[in-house]
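Since the structure is predicted, the reported quantities are computational estimates derived from the model, not experimental observations. Start at 1 and go down the list; that is how both ligands and their atoms are numbered.
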Amino acid sequence: MEQTFLMVKPDGVQRNLIGEVVSRFEMKGFTLIGAKVLQISPELAETHYGEHKGKPFFEGLVEFITSGPVFAMVWEGDGAILEARKMIGKTKPQEADPGTIRGDYGVNMSKNIIHGSDSVESAKREISLFFNDNEIESYSKTVNKWV
Ligand code: IDP
């Protein structure tokens, strides 16, 4: 069973999209095994987005992701990392297909609603950055035999 880290960004929280985002992944058949609202510190933001350090948009990205609370989640399911990325859509909302979260709700590249891990390695890294082991409850649902 694969685990992925998803996060509703400050724009998604302010636009009341937490429930919509959670609903999409629940209805897909994935299992929510960790979740919390938090205010990201500049240090955590710089570590989380470390791969973008030095790029022209890095400072704005850190400023934006720390501009208000986020909703951090860990989801579990078969192929959850890649499937979640498909459901999120392309980075630029204008290029994201309708039916994806960014395609349906996003307009602006920097305010693109949601983050999702892009590989097994980044999922592991991001989950451990945002969650302690005792904040994650992995469990099976009886309905999963139908999913
Ligand atoms: P992803 O979120 O689709 O995985 P990444 O390339 O990892 O995309 O970039 C992380 C975040 O940084 C994006 O979601 C977006 O908010 C922001 N970003 C990426 N590239 C640009 C850019 O060229 N201008 C402004 N913001 C950007």
Side-chain angles (χ1 to χ4, degrees), residues 1-138 144 147:
M1 216 35 117
E2 205 167 70
Q3 294 181 355
T4 191
F5 173 74
L6 305 181
M7 176 169 71
V8 180
K9 296 183 180 183
D11 54 327
V13 172
Q14 295 299 324
R15 291 178 56 196
N16 301 315
L17 290 171
I18 292 176
E20 169 68 14
V21 165
V22 169
S23 176
R24 286 187 180 215
F25 293 105
E26 264 195 321
M27 290 171 80
K28 171 75 175 170
F30 294 148
T31 302
L32 183 62
I33 60 170
K36 60 182 167 187
V37 172
L38 77 150
Q39 171 70 48
I40 298 185
S41 67
E43 293 75 25
L44 177 57
E46 289 187 17
T47 306
H48 173 65
Y49 282 126
E51 66 174 297
H52 297 299
K53 202 161 191 162
K55 294 185 185 168
F57 60 86
F58 182 71
E59 279 184 20
L61 180 58
V62 169
E63 197 175 314
F64 168 64
I65 208 71
T66 58
S67 65
V70 299
F71 187 63
M73 299 163 277
V74 183
W75 286 87
E76 196 169 73
D78 278 341
I81 297 171
L82 189 62
E83 284 305 310
R85 291 280 296 185
K86 284 196 238 165
M87 291 167 69
I88 287 170
K90 292 199 178 140
T91 309
K92 277 189 190 168
Q94 283 153 357
E95 290 174 2
D97 291 330
T100 64
I101 294 168
R102 287 171 175 168
D104 287 350
Y105 300 112
V107 176
N108 182 300
M109 170 99 158
S110 49
K111 300 187 200 80
N112 57 5
I113 319 277
I114 180 169
H115 167 84
S117 306
D118 62 3
S119 66
V120 174
E121 296 70 41
S122 59
K124 283 206 176 98
R125 191 180 77 89
E126 292 167 359
I127 290 168
S128 62
L129 254 184
F130 282 83
F131 287 89
N132 294 318
D133 285 349
N134 65 4
E135 294 175 309
I136 296 174
E137 188 64 43
S138 184
N144 280 357
V147 173

Are Phe57 and Met109 packed together at the side-chain level, in the sense that at least one heavy-atom pair is separated by less than 4.5 angstrom?
no
Whether Asn112 lies under 4.0 Å from ligand 1, heavy atom:
yes
For atom 27 (C) of ligand 1, what's the nearest protein heavy-atom neighbour? Residue, atom name and distance, please.
Phe57 CD1, 3.5 Å
Please classify the Leu61 to ligand 1 contact at 4.0 Å (heavy-atom distances, strictly less than): side chain, backbone, both or neither.
side chain
For Ser110, the ligand 1 atoms whose distance to one of its heavy atoms is below 4.0 Å:
16 (O)
A side-chain contact here means heavy atoms from C-beta on lying under 4.5 Å apart; do Asp78 and Met1 qualify?
yes
Atom 21 (C) of ligand 1 sits nearest the protein heavy atom Met109 CE, 3.1 Å
Interfacing atoms of ligand 1 (cut-off 4.0 Å, heavy-atom, Lys9)
13 (C), 14 (O), 16 (O)
Heavy-atom distances under 4.0 Å are what count here, so tell me which part of Arg85 touches ligand 1: side chain, backbone, both or neither.
side chain
Less than 4.5 Å apart, side chain to side chain, heavy atoms only: is that true for Val70 and His115?
no
When you look for heavy atoms under 4.0 Å from ligand 1, do you find them on the side chain of Met7, its backbone, both, or neither?
neither
Apply the test ring pair (Phe, Tyr, Trp, His ring centres under 6.0 Å) to residues Phe25 and Trp75: give CA-CA distance (whole Å), side-chain angles for both, the deciding distance (0.1 Å), then the verdict.
CA-CA 8 Å; Phe25 293 105; Trp75 286 87; 5.7 Å; yes
Closest non-hydrogen atom pair between Ile40 and Ala45, with its separation:
CG2-N, 3.6 Å
Identity and separation of the nearest protein heavy atom to atom 9 (O) of ligand 1
His52 NE2, 3.2 Å
Check: Glu2 and Val120 side chains under 4.5 Å, non-hydrogen atoms
yes
Give a yes/no on ligand 1: does Arg102 have at least one heavy atom closer than 4.0 angstrom to it?
yes
Taking both backbone and side-chain atoms of His115, is any N or O found less than 3.5 Å from an N or O belonging to ligand 1?
no
Tyr49-ligand 1 polar pair, N/O distance under 3.5 Å:
no
Does Lys111 reach ligand 1, in the sense of a heavy atom lying below 4.0 Å from it?
no
Please list the nearest protein heavy atom to atom 1 (P) of ligand 1 with its residue and the distance rounded to 0.1 Å.
Thr91 OG1, 3.6 Å
State, to 0.1 Å, how close Arg102 and Thr91 come at their nearest heavy-atom pair, and which atoms those are.
NH1-CA, 3.2 Å
Contact summary for Ile101 and Ile113, nearest pair of heavy atoms:
CG2-CG2, 4.0 Å
The test is side-chain contact (heavy atoms from CB on, under 4.5 Å); show your working for Glu135 and Phe130 and say whether it passes.
CA-CA 10 Å; Glu135 294 175 309; Phe130 282 83; over 6 Å; no
Give the C-alpha distance, both sets of side-chain angles, the deciding distance and a yes or no for side-chain contact (heavy atoms from CB on, under 4.5 Å) between Phe64 and Asp11.
CA-CA 9 Å; Phe64 168 64; Asp11 54 327; 3.3 Å; yes
If we set the cut-off at 4.0 Å for heavy atoms, which region of Lys90 has an atom near ligand 1: side chain, backbone, both, or neither?
neither
